[in-house]
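Step one of this worksheet: look at the structure below.
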Amino acid sequence: MVVASIDLQGGRAVQLRQGEDLVLQREDVSSLIKDFDRYGEVALIDLDAAKGEGSNLELIKELLPRASCRVGGGIRSPETAKELVSLGAKKIIIGSMAFRDPGKPGAFALNRPFLQALKEAIGRERLIVAVDARGSDILVDGWRTSTGLDLSSTAAALGDWAGELLYTCVEREGTMGGIDMEMVQQLRRAVPQKLTVAGGVSTLEEVKAIAALGCDVQLGMALYTGKLSLEETFIESLNWGKGQDSLLPLIAQSPDGQVLMMGYGDRESLRESFKRGKLCFHSRSRGKLWMKGEESGNTLGLRRLRADCDRDTLLATVVAQGPVCHSGEYSCFETNRRFSWEYLQEIIADRFAKAPPGSYTATLDDTLVREKLMEEAEELCTALSHGDKVWEAADVLYFTTALITRAGLDVTEVLRELERRHLR
């Protein structure tokens, strides 16, 4: 997987050389995260919080619903980590606090009580520990303080708490001078868990070498300066097997998780998918590139592309324009589109927009929809039989959806809020 890094300082995305010297900055953080999410998880790093010089927490909270994010920088308590997960963070990155000796202020050792508390708060699978190192020496406090802890042996001891490690080669960070592959190989041999590497990566050859070791790569400076593109980095990090003509299974699914179809992709089809914003395949029967819907108009708008754990199968989240199957069905695997809350809102929004003759939904103005919702809520509360409760609950859900649709809310926002409460 390719992880694009957004380092936040003063509400802007920045790139620093060696963690100190500002090289570039960008204001368009919202558009950046939307673009980056097409290729993999996005690392949101709060540099101000990491250095104890402020916070970008409110901006991070705003960005979390927009992409699959891992969040780090200045997270010093299990409570903060749990809150960020409840707000949508997929993983939490912990740095300095993981190495502060709890029994000796100013000394360094694995902070076992802190790591255990984090594990209990958010789960081992969500915890990433950042092992930032100069040579084999782990650094903390924004890379300003040496801990004297050995990189490989300390990383190996983190397995009980962290499901993943983030290794940054500090002396190469921001220089685009190339990663220290010998150290990456040494660390890969020392730890069994997932490993993401960063610091100096600047060529596709390095990306392929890192992927061959079973590691993910995190990009910053090379990405922002155009030295590397996310499209090519994503493609070359995949497990293509032998030869340039290899094909990988490519599964298309709707945003609500329904599987739509399966085809095959090669390098060319992936490049075209990213370029066009519509899913393209390699047609084995035609022996050429094929964009789904190029003749029928039933295209698949690409939202994001992900690889599986072995990087030899791809999953595309798409928005279907019309039936997906050649038979005219919504999916190649199911006759009809699965009825979900998201689908209900689409139907209601379409009725509001087009107001077809005879549509009851189209008559629901702000006043009427509120009156009907209160009426149906009371009927649900007084319903006695099982069938009546189901009927009235459906009415309540329908009118609730109509109300929030008129208010400009998306049902996924409500679902995220429910998930947030569940994870608190």
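Just the heavy atoms: all of them, side chains too, but no hydrogens, waters or symmetry mates, feed the values below.
- For S30 and R66, the side-chain atoms include at least one donor-acceptor pair closer than 3.5 Å.
- Remark: K194 NZ is loosely packed, at most 12 non-hydrogen atoms of other residues, nucleotides or ligands lying under 6.0 Å away.
- Of the charged side-chain nitrogens involved, none lies within less than 4.0 Å of a carboxylate oxygen, so that E294 and K288 do not count as a salt-bridged pair.
- For the pair R172 and I179, the minimum side-chain heavy-atom distance is 4.5 Å or more.
- In this structure, the side chains of P78 and E120 stay at 4.5 Å or more apart for every pair of heavy atoms.
- For K119, the NZ atom counts as densely surrounded, since its 6.0 Å shell holds more than 12 non-hydrogen atoms of other residues, nucleotides or ligands.
- A distance-only check finds no donor-acceptor pair linking the side chain of T168 to the backbone of G199 [under 3.5 Å].
- Salt-bridge annotation for R12 and D48: absent, with no side-chain N of the basic residue lying under 4.0 Å from a carboxylate O of the acidic one.
- Side chain to side chain, Y398 and T361 meet the donor-acceptor criterion of an N or O pair below 3.5 Å.
- Summarising the local packing, CZ of R311 is surrounded by more than 12 heavy atoms from other residues, nucleotides or ligands at distances under 6.0 Å.
- Using cut-offs of 30° and 60° for the angle between ring planes, the F36 and Y224 rings count as perpendicular.
- At least one side-chain heavy atom of K292 sits under 4.5 Å from a side-chain heavy atom of W290.
- Considering only heavy atoms from C-beta on, P113 comes within 4.5 Å of N111 through its side chain.
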Inset, instruction - With side-chain hydrogen bond (donor to acceptor under 3.5 Å, both in side chains) as the test, would you mind laying out the steps for Q186 and E182 before giving the verdict? - result: CA-CA 6 Å; Q186 180 180 324; E182 183 177 344; over 6 Å; no
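- In terms of heavy atoms, E164 sits closest to L195 at CG-N, 4.4 Å.
- Remark: the backbone N or O of S202 is paired with a side-chain donor or acceptor of E206 at under 3.5 angstrom.
- Taking the centre and axis of the six-membered ring of F274, the NZ or CZ atom of R38 falls outside the cone set by 45° and 6.0 Å.
- When atom types are taken as modelled, the side chain of E232 and the backbone of S229 share no donor-acceptor pair closer than 3.5 angstrom.
- Between M291 and C280, some side-chain heavy-atom pair lies under the 4.5 Å cut-off.
- In summary, of the residues considered (R304, R306, E231), a side-chain hydrogen bond (donor to acceptor under 3.5 Å, both in side chains) with Y39 occurs for E231 alone.
- Using a 4.5 Å cut-off on side-chain heavy atoms (C-beta onward), F352 and T405 make contact.
- To the nearest 0.5 Å, the span separating CG on L223 from CD1 on I6 amounts to 9.5 Å.
- Looking at E413 and R416, their side chains come closer than 4.5 Å, going by heavy atoms from C-beta outward.
- Remark: side-chain polar atoms of R126 are not paired, donor with acceptor, to backbone N or O of K82 under 3.5 angstrom.
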